[in-house]
K.L.:
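My questions will all concern the structure given below.
Starting from 1, each residue takes its place in the sequence as its number. On a predicted model such as this, the values are computed, not experimentally measured, just so you know. In each ligand, atom 1 is the first atom listed, and ligand 1 is the first ligand listed.
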Amino acid sequence: MTNENYPYEIKVVEMEVEGTAHKFPVIVRVGPKGYVFPENFKHAAADIYNMEIRSSDVFVDSFPRSGTTWTQDMVWLIVSDLDYERALNIPLTERYAFLEFFSNFDNEIKNKLFDANKDDEAKLKQMELIFKPATEILETTPSPRFIKTHLPLSLMPRKALEAKIVYVARDPRDAIVSLYHLINSMRFMNLDVDFKSFWKTVLNNSQPWTPYFDNVKEAWEKRDHPNMLFLFYEDMRKDLPSVVRRVSDFFGKKYNDEEIARLCDHLSFDNFKKNSSVNYDLMKELGLMYADKDFIRKGKTGGWRDYFDEEMTAEADKWIEENLRDTDLRFPSMQ
Ligand code: A3P
């Protein structure tokens, strides 16, 4: 499939779903790297790519489960002069538009969700927000607009670097374990396979948003661009105050030690987990997520070791080595 307003080929691919680690019966592979998305992405790709950019726009970008939510709240507060009142009262999902999220849902899921929530006006409003193309929402959003995405740079709005982008990367082994848990927390997505089978489908680049390394490397290549800030989850875990200072500098904001300490406390794992503005409990209320699962889950580095057997560890070593060969990208957890 080609589109005159879009520079990449979008290939539609049928997947075998029963008994496999694939959730989507049809996916698309986009561009020369073959980035994977649910089929509906084909309707959104060109609108996203050609979206109008304002220089005040703020993007937070990542491969899923790399600490996006954590980074989003940190960035929002830093840009918004530490306005805790609004941060605690306006859900992150309203403070940020999630660029490609709506294309994750096919009509069957949408109808089920509307049906389950049809008697609750507030929930119906939330769902409309989720299912509406973010590009439409953003047209009327006042500046500065905050935008979340998991798209690699090449598929983001082509002028995105005229605005500011904060990219966060995480050791892929931890991100993939976390992604497996997230998919199994979602009512319409859960996989009936073990982690090992899921891991294989990440290795062969058939899960949405893969290939993982291309996503990260595209951002890494632009890390010295004045409008790009590249962060690691592991650095946030190790020394959050210094990351907060880097983010503040990037946005031209000055905060004193006391203000930074308060922000780090607000962003601490324990406070974050119970903060209903960021913990996605809304997804449970809408029936998208199982009540006994948590979006803010463990918040550790190196937890992957409990999931990878010897064979998988060797596969991961090889995968990482091959993918880091042509770049100076190095993860703090692999030094
Ligand atoms: P785990 O599943 O390993 O716990 P994303 O927001 O990109 O989906 O990333 C989610 C991951 O970030 C989850 O990882 C989540 O627990 C972790 N996370 C979220 N908030 C955090 C915080 N304040 N401190 C540390 N980790 C956090």
Side-chain angles (χ1 to χ4, degrees), residues 59-78 84 87-88 91-93 95-96 98-101 104 146-152 165-186 189-190 195 198-199 202 207-210 212 215-216 219 230-244 247 260-284 288-290 292-308 331-333:
F59 287 89
V60 171
D61 184 22
S62 62
F63 184 84
R65 305 308 280 169
S66 300
T68 329
T69 315
W70 197 15
T71 307
Q72 283 177 266
D73 205 36
M74 169 176 64
V75 165
W76 191 91
L77 274 157
I78 288 171
Y84 291 101
L88 288 166
L92 199 63
T93 42
R95 286 182 275 143
Y96 276 79
F98 187 172
L99 213 44
E100 68 278 19
F101 190 52
N104 275 358
F146 292 86
I147 304 163
K148 164 186 177 176
T149 182
H150 294 311
L151 294 176
I165 305 177
V166 178
Y167 188 93
V168 59
R170 183 183 192 186
D171 186 315
R173 295 163 295 191
D174 279 330
I176 289 157
V177 168
S178 180
L179 183 59
Y180 176 73
H181 281 288
L182 179 74
I183 294 176
N184 279 315
S185 313
M186 307 299 275
M189 296 239 182
N190 46 324
F195 176 69
F198 181 73
W199 160 245
V202 172
Q207 286 298 334
W209 287 291
T210 61
Y212 168 84
N215 191 320
V216 180
F230 191 103
L231 304 176
F232 286 107
Y233 176 89
E234 291 76 13
D235 288 339
M236 291 169 68
R237 286 262 316 150
K238 203 167 147 208
D239 186 356
L240 191 55
S242 78
V243 174
V244 164
V247 176
I260 289 174
R262 179 174 177 202
L263 178 55
C264 291
D265 183 56
H266 168 91
L267 294 170
S268 72
F269 183 79
D270 290 342
N271 283 338
F272 223 65
K273 203 172 167 68
K274 56 186 189 222
N275 176 351
S276 61
S277 166
V278 297
N279 67 11
Y280 285 93
D281 275 357
L282 177 71
M283 290 206 290
K284 297 183 191 174
L288 264 168
M289 193 172 198
Y290 292 111
D292 60 343
K293 306 281 185 187
D294 285 317
F295 192 92
I296 312 293
R297 196 181 58 96
K298 287 247 154 93
K300 294 257 154 33
T301 56
W304 63 269
R305 286 173 218 281
D306 296 337
Y307 292 81
F308 282 63
F331 290 82
S333 53

K.L.:
List for me each residue that meets salt bridge (Lys or Arg N to Asp or Glu O under 4.0 Å) alongside Lys273, sequence neighbours excluded, and say none if there are none.
P.N.:
Asp294
K.L.:
Check the orientation of Phe146 and Trp76. Use parallel for under 30°, tilted for 30 to 60°, and perpendicular for over 60°.
P.N.:
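Answer is tilted, since the angle falls between 30° and 60°.
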K.L.:
Restricting to non-hydrogen atoms, name the atom on Arg95 and the atom on Ser277 that form the minimum distance, rounded to 0.1 Å.
P.N.:
NH2-OG, 2.9 Å
K.L.:
I'd like the residue list for ligand 1, meaning every protein residue with a non-hydrogen atom under 4.0 Å from the ligand.
P.N.:
Arg65, Ser66, Gly67, Thr68, Thr69, Trp70, Arg170, Ser178, Tyr233, Leu267, Ser268, Phe269, Phe272, Phe295, Ile296, Arg297, Lys298, Gly299
K.L.:
Tell me whether the rings of Phe232 and Phe230 are parallel (<30°), tilted (30 to 60°) or perpendicular (>60°).
P.N.:
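Plane angle over 60°, so perpendicular.
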K.L.:
Can you list the residues that meet the side-chain hydrogen bond (donor to acceptor under 3.5 Å, both in side chains) rule with Ser185, with sequence neighbours excluded?
P.N.:
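Once residues adjacent in sequence are excluded, Ser185 has no partner under the side-chain hydrogen bond (donor to acceptor under 3.5 Å, both in side chains) criterion.
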K.L.:
Not counting sequence neighbours, which residues clear ring-ring contact (aromatic ring centres under 6.0 Å, His included) with Phe198? List them please.
P.N.:
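Phe198: ring-ring contact (aromatic ring centres under 6.0 Å, His included) contacts with Tyr180.
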